[in-house]
Amino acid sequence: SFMNKARIYHLLEMALVALSLFFFMFWVLRHFHSPGMIWDYLGNEYNAAAWAMKLREGFWTLRFSDFGYSPLYHGKLTSYLMMPFYYVFGASWTLLRLWPAVFGLLTLIMMYLFVRNAFNRPAALTALFLTSIHPSFVYGVKIGNYQVSSMVFFSISAVYFIEKWFRTRKARYFCFA
């Protein structure tokens, strides 16, 4: 009957979402420990990641003057977000490499929720699938661009919550955005 059909469609939708996310994580985490971190000549990106090396070497990073330099720069926001995880789990390249993968996964989930609410479920499933296999998105997350991966998540989350606020006019969604 109708309830069984709705339940089957819901289970099928969740299975397709899980499958898309699984394939995304498979491609991102494939050859996880091979080289591929972004180290370029830009000083602000170096400063955004230098605290991790200092913490790994046993130095508490807040003693260094470069931590907190230009605090509105997106790399510094990423540093502040990562600091509790480094404190709890210890300094490791594994955590630094997992950061963009987790934020890439969260970005896909938020994008799916936004498209599902703004359009419909087939559009959301299509967008999720196409983005999860898009070479530029997978490669951008895989190579360890950890500043950009968190900013894409926050951007799509803001769009999702603004759209949700626009439909419901509930202040909590506007605050989240």
Side-chain angles (χ1 to χ4, degrees), residues 1-38 74-75 77-90 92-177:
S1 66
F2 178 73
M3 278 305 280
N4 289 337
K5 218 179 230 190
R7 182 171 164 79
I8 290 171
Y9 284 140
H10 180 71
L11 289 174
L12 182 61
E13 176 187 11
M14 291 300 104
L16 291 173
V17 167
L19 191 62
S20 292
L21 296 176
F22 171 78
F23 279 122
F24 171 74
M25 290 305 283
F26 171 78
W27 288 113
V28 167
L29 297 179
R30 190 168 178 223
H31 305 297
F32 181 71
H33 293 288
S34 64
M37 292 299 296
I38 293 178
H74 65 281
L77 174 64
T78 303
S79 297
Y80 291 131
L81 291 173
M82 289 178 84
M83 183 59 74
F85 294 97
Y86 265 78
Y87 184 75
V88 171
F89 298 111
S92 71
W93 285 111
T94 300
L95 184 59
L96 191 64
R97 296 291 300 263
L98 274 177
W99 189 263
V102 168
F103 270 100
L105 189 69
L106 293 173
T107 299
L108 288 173
I109 292 168
M110 291 307 292
M111 181 206 58
Y112 170 77
L113 292 173
F114 166 69
V115 174
R116 189 181 73 182
N117 286 342
F119 300 102
N120 57 37
R121 288 190 162 119
L125 288 170
T126 303
L128 175 67
F129 175 72
L130 291 176
T131 307
S132 68
I133 64 169
H134 193 280
S136 294
F137 185 70
V138 172
Y139 185 69
V141 170
K142 184 179 182 61
I143 62 173
N145 198 343
Y146 63 96
Q147 295 105 341
V148 175
S149 63
S150 59
M151 290 299 99
V152 172
F153 165 73
F154 289 126
S155 299
I156 195 68
S157 296
V159 170
Y160 168 75
F161 285 117
I162 286 172
E163 189 273 333
K164 198 143 175 106
W165 168 79
F166 198 72
R167 281 188 302 107
T168 64
R169 298 294 183 193
K170 292 184 179 177
R172 68 175 176 233
Y173 296 124
F174 188 75
C175 291
F176 281 134

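In this text, all values refer to a predicted model and were calculated from it rather than measured experimentally. Computed over heavy atoms, backbone and side chain alike; hydrogens, waters and symmetry mates excluded.
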**Request:** Sequence neighbours left out, what passes side chain to side chain contact (heavy atoms under 4.5 Å, CB included) with A123? Give chain and number order.
**Result:** V115, F119, N120
**Asked** For S155, which residues count as a side chain to side chain contact (heavy atoms under 4.5 Å, CB included) partner, sequence neighbours excluded?
**Response** none
**Message:** Distance check, rounded to the nearest 0.5 Å: L113 atom CG versus R116 atom CZ?
**Reply:** 5.5 Å
**Request:** Can you run down the salt bridge (charged side-chain N to carboxylate O under 4.0 Å, His left out) pairs that involve residues 19-29, sequence neighbours left out, and say none if there aren't any?
**Result:** none
**Item:** Heavy-atom neighbours of W27 CH2 exceed 12 at 6.0 Å
**Value:** no
**Prompt:** What heavy-atom pair brings L128 and V17 nearest, and what distance separates the two atoms?
**Reply:** CD2-CA, 3.7 Å
**Item:** salt bridge (charged side-chain N to carboxylate O under 4.0 Å, His left out) contacts in which one or both residues fall within residues 149-169, not counting sequence neighbours
**Value:** E163-R167
Donor-acceptor pairs under 3.5 Å, side chain of residues 100-111 to any protein atom, not counting sequence neighbours: which ones?
{"unit_1": "T107", "atom_1": "OG1", "unit_2": "F103", "atom_2": "O", "d": "2.7"}
{"unit_1": "T107", "atom_1": "OG1", "unit_2": "F153", "atom_2": "N", "d": "3.4"}

**Item:** Distance in Å, L19 CG paired with L12 CG, rounded so as to fall on 0.5 Å steps
**Value:** 10.5 Å
**Prompt:** With sequence neighbours excluded, what pairs up with R121 under the salt bridge (Lys or Arg N to Asp or Glu O under 4.0 Å) test?
**Reply:** E13
**Request:** Please check if atom CZ in F26 has more than 12 non-hydrogen atoms from other residues, nucleotides or ligands closer than 6.0 Å.
**Result:** yes
**Message:** Is the distance between the ring centroids of Y160 and Y173 under 6.0 Å?
**Reply:** no
**Asked** So how far is it from F137 CZ to L130 CG, rounded to the nearest 0.5 Å?
**Response** 13.0 Å
**Request:** Report yes if some heavy atom in the side chain of I133 is under 4.5 Å from a heavy atom in the side chain of F24; otherwise report no.
**Result:** no
